[in-house]
2 protein chains.
Amino acid sequence: MQITRQTEYAVRILIELAGVPDSKMIRSRTVAEKHQLPEKFLNKTVQILVRAGLIETRRGLRGGLRLAVPADSVTIADVLTAIEGKVAINPCLHENHYCEHKSDCRVNKILQRAQDAMVAELSKETFADLAREEAGKNFSTSSDLRRDFACFVTSVNRQQKDRVVP
Amino acid sequence: MQITRQTEYAVRILIELAGVPDSKMIRSRTVAEKHQLPEKFLNKTVQILVRAGLIETRRGLRGGLRLAVPADSVTIADVLTAIEGKVAINPCLHENHYCEHKSDCRVNKILQRAQDAMVAELSKETFADLAREEAGKNFSTSSDLRRDFACFVTSVNRQQKDRVVP
DNA sequence: AACTAATAAGACTAATATAACCTTATTTAT
DNA sequence: ATAAATAAGGTTATATTAGTCTTATTAGTT
Ligand code: SF4
Ligand code: SF4
């Protein structure tokens, strides 16, 4: 019941890109270094975002990444869908999933409402908002390697084996 | 971003137990066969639920499973927590997770609100409600092997490779 | 045209989490 | 005693997630 690391990486890319003037391109390596993310894996993530139509890239010298859509029209929910596919917290929430009880299953309905509530929250603020927030902090758009945004999510996550079953 | 199969199995166990008169014990094998779940895996799940204090078991002849708490005091959210541990859709939502930006990170706040909204929905109806619903359907508490509740979630889930990235 | 710095693509591997199985104990009513 | 049930925990299998590596392609610069 977690979003994947890749989704979080993608969110960070989008925040990064939403925070710079429209036409400027940001190198993927810059993002990787700034956020301490594995570069190759980030590039793969970038490709998914490109295919989802959220960002665009240019190769070659002075190439890089840029938003393909207005920052105020993208939300975390969009990124989640782009990276992990259509959201469905249980298989039976896919409309193509068959279950004979689906039509009147109360569990299904509860799960659906829970998911909808979650997605609604994830859709409330756009990356334009998020980038503004970032700008308010000590966040820099320069290409040097200050780690204003570093958070070592992965390593911390790995030791999270502690089940809360007393 | 899915609940695990084990969580769904646990939900089914609880629905099953909530639907029978208080003192009666249900054999775990009965649940497994009725819902077409792998018996050994189900037993492991049962143990988790026991340790979480949600159900109690008795071994030996005429042993079985039974709710350890009133059906109207348990929700799907409780089961989710029992099986998967404290809910956290991103590592930084664990209060013991450190991130220097946590205190004023907007992403964190959005994720927290999304999670809260989801959990709130999952907490709205109790298993007493759910069992009532089941009773309304053609659901039987007899120990024969009618598969009133069968849903082949696992197999369907496995072919769900279709990423929605156009 | 040649060079260089960038992304593109995809195969490959590694690590982790999830799911399932199996075997041996332990308990309890009969 | 015996049979029928769960308890426990080790082992395996599978799926997902994360990350790496290699080679190609593109585009600006000189
Ligand atoms: S029985 Fe209900 S919860 Fe289970 S798969 Fe069918 S619709 Fe979903
Ligand atoms: S920067 Fe924000 S979203 Fe990322 S780990 Fe820290 S608190 Fe969570």
Side-chain angles (χ1 to χ4, degrees), chain A residues 1-10 13 17 25-33 36-51 55-66 68 83-85 90-91 143 152-163 165, chain B residues 1-10 13 17 24-33 35-51 55-66 68 83-85 90-91 143 152-163 165:
Chain A
M1 201 42 161
Q2 277 205 353
I3 65 174
T4 64
R5 290 313 83 218
Q6 193 169 34
T7 299
E8 170 153 345
Y9 296 172
I13 293 171
L17 297 184
M25 297 209 108
I26 303 286
R27 291 183 50 197
S28 74
R29 172 168 302 166
T30 305
V31 179
E33 284 172 335
Q36 296 270 291
L37 309 178
E39 187 181 343
K40 303 290 175 56
F41 189 52
L42 200 73
N43 285 345
K44 184 173 288 190
T45 309
V46 162
Q47 286 317 303
I48 297 175
L49 293 174
V50 167
R51 292 193 209 102
I55 69 178
E56 56 194 19
T57 59
R58 192 172 65 188
R59 349 193 200 187
L61 207 54
R62 307 180 55 103
L65 322 177
R66 174 168 60 182
I83 300 294
E84 303 188 19
N90 203 44
S143 65
F152 304 96
V153 171
T154 307
S155 55
V156 174
N157 189 28
R158 290 231 164 96
Q159 52 193 254
Q160 176 219 336
K161 280 277 193 185
D162 47 283
R163 190 57 43 100
V165 179
Chain B
M1 199 44 160
Q2 277 204 352
I3 65 174
T4 64
R5 290 313 83 218
Q6 192 168 35
T7 299
E8 169 152 346
Y9 298 171
I13 294 171
L17 298 183
K24 193 180 176 197
M25 299 210 105
I26 303 287
R27 290 183 50 198
S28 73
R29 173 168 302 165
T30 305
V31 179
E33 284 170 338
H35 293 243
Q36 295 270 288
L37 308 179
E39 186 181 342
K40 303 292 174 53
F41 188 52
L42 200 73
N43 284 346
K44 188 169 285 190
T45 308
V46 162
Q47 286 317 305
I48 297 175
L49 293 174
V50 168
R51 292 194 207 103
I55 70 179
E56 57 194 20
T57 59
R58 192 172 64 189
R59 346 193 202 187
L61 207 54
R62 307 178 56 101
L65 321 177
R66 172 169 60 182
I83 300 293
E84 303 188 19
N90 204 45
S143 65
F152 304 97
V153 171
T154 308
S155 56
V156 175
N157 189 28
R158 291 237 161 92
Q159 53 192 257
Q160 176 219 338
K161 281 279 194 182
D162 48 283
R163 192 53 50 97
V165 179

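Just so it is clear: chains get the letters A, B, ... in the order the sequence lines come, proteins before strands, and each one is counted from 1.
- When rounded to the nearest whole Å, the span between CD1 of I3(B) and P of dA19(C) equals 10 Å.
- Going from atom CZ of R29(B) over to atom P of dT6(D) covers 7 Å, rounded to whole Å.
- Here dT29(D) is the nucleotide among dT29(D), dA18(D), dT25(D) with the atom lying nearest to any side-chain atom of R62(A).
- Here dT20(D) is the nucleotide among dT20(D), dA20(C), dT7(C) with the atom lying nearest to any side-chain atom of F41(A).
- Taking only side-chain nitrogens and oxygens, S28(A) comes nearer than 4.0 Å to OP1 or OP2 of dT7(C).
- Atoms CD (Q6(A)) and P (dT20(D)) sit 13 Å apart, rounded to a whole Å.
- Between Y9(B) and the phosphate of dA20(C), there is a side-chain N or O to OP1/OP2 separation shorter than 4.0 Å.
- Between the C1' atom of dT6(D) and the CZ atom of R51(B) lies a distance of 12 Å, rounded to the nearest Å.
- The nearest whole Å value for the distance from the CG atom in N43(B) to the P atom in dA25(C) is 18 Å.
- Distances shown here put every side-chain N or O of R5(B) at or beyond 4.0 Å from the OP1 or OP2 atom of dT18(C).
- The residue from L49(B), L42(B), V46(B), V31(B) that alone fulfils the side-chain contact (heavy atoms from CB on, under 4.5 Å) condition with Y9(B) is L42(B).
- One can find a donor-acceptor pair under 3.5 Å joining the base of dG19(D) and the side-chain atoms of K44(A).
- Distances shown here put a side-chain N or O of T4(B) below 4.0 Å from the OP1 or OP2 atom of dA19(C).
- Closest to the side chain of L61(B), out of dA6(C), dT30(C), dG19(D), is dT30(C).
- Remark: the R59(B) side chain and the dT28(C) base include no donor-acceptor N/O pair separated by less than 3.5 Å.
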